[in-house]
Amino acid sequence: MALLEIIEFPDPRLRNKAATIERVDDELRALIDDMFETMYDAPGIGLAATQVNVHRRFMVIDVSEDKSEPRVFINPEILTREGKQVCQEGCLSVPGIYADVTRAERIRVRAQDRNGEAYEIDADGLLAVCIQHEMDHLDGKLFVDYLSPLKRQMVKKKLDKQRRVAAA
Ligand code: GNR
Ligand code: NI
């Protein structure tokens, strides 16, 4: 097990589009375990492979308060979307920034589990938000992309300042 480095906005590697996974093997399962460890350590409720500079279509999520609901999504697809919800989002790749984003309230998702078995789930509320947020990462998209250009510029400045203070 190992903690992985999380890359941060505006790193251009966050813009890569992840490739479909053809084979679910032990190497992938080891990476999934490292991603859970990294996500829980952060702490966060989700982590997409893109964020640890692995450009393959998978992500881990646990929206429980006690690490009791680890979920793995390999090659996830959203089958249906219903309704709208607004959630204040954050991102481990955009640390210290929080903003409201509108997303579907309810989604049906198809994915493969850590054994490569296909499954489908219905998700709503925070789980639905998190799945949509992580799937955006796999397509090179970040929650700050939903903000106005002016707000996104403010986010860049705030992150620059946070980094200058941290380096001083
Ligand atoms: O830990 C996280 N919290 C969160 C809160 C609201 C909406 C989305 C998220 S995902 C985020 C972890 C992360 O950056 N995943 O990519
Ligand atoms: Ni994120």
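We count ligands from 1, going down the list as the structure has it; atoms in each ligand are counted the same way. Numbers for residues simply follow the sequence, beginning at 1.
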Would Lys67 count as a cation-pi partner of Phe36, with NZ or CZ less than 6.0 Å from the six-membered ring centre and within 45° of the ring normal? no
Relative to ligand 1, is Met39 under 4.0 angstrom through side chain, backbone, both or neither, heavy atoms considered? neither
For [atom], what is the nearest protein heavy atom, given as residue, atom name and distance?
| atom | result |
| --- | --- |
| atom 16 (O) of ligand 1 | Glu134 OE1, 2.6 Å |
| atom 7 (C) of ligand 1 | Glu89 CG, 3.5 Å |
| atom 14 (O) of ligand 1 | Leu92 N, 2.8 Å |
| atom 8 (C) of ligand 1 | His133 ND1, 3.6 Å |
| atom 11 (C) of ligand 1 | Gly90 O, 3.7 Å |
| atom 2 (C) of ligand 1 | Ile45 CG1, 3.5 Å |
| atom 12 (C) of ligand 1 | Gly46 O, 3.2 Å |

Will you find, in the side chains of Ser93 and Gln51, an N or O donor that is under 3.5 Å from an N or O acceptor? yes
May I ask you to check whether Asn53 and His55 show a side-chain donor-acceptor distance below 3.5 Å? yes
Minimum heavy-atom separation for Cys87 to Leu126, with atom names? SG-CD1, 4.4 Å
Please report the closest heavy-atom contact between Ala18 and Thr50, naming both atoms and the distance. CB-OG1, 4.5 Å
Are any of the N or O atoms of [X] closer than 3.5 Å to those of ligand 1?
| X | value |
| --- | --- |
| Ser93 | no |
| His137 | yes |
| Val129 | no |

Give the atoms of ligand 1, by number and element, whose distance to some non-hydrogen atom of [X] is under 4.0 Å.
| X | value |
| --- | --- |
| Gln88 | 6 (C) |
| Gln51 | 13 (C), 14 (O), 15 (N), 16 (O) |
| Gly44 | 1 (O) |
| Cys91 | 14 (O) |

Charged N to carboxylate O under 4.0 angstrom, Arg29 versus Asp34? no
What does the angle at the Ni ion (ligand 2) come to, between atom SG of Cys91 and atom NE2 of His133, rounded to 10°? 110°
Would you mind reporting whether [Y] and [X] have side-chain heavy atoms less than 4.5 Å apart?
| X | Y | answer |
| --- | --- | --- |
| Glu82 | Glu105 | no |
| Asp33 | Arg114 | yes |
| Val72 | Asp113 | no |

Phe143: which of Val155, Val101, Asp136 passes side-chain contact (heavy atoms from CB on, under 4.5 Å): Val101
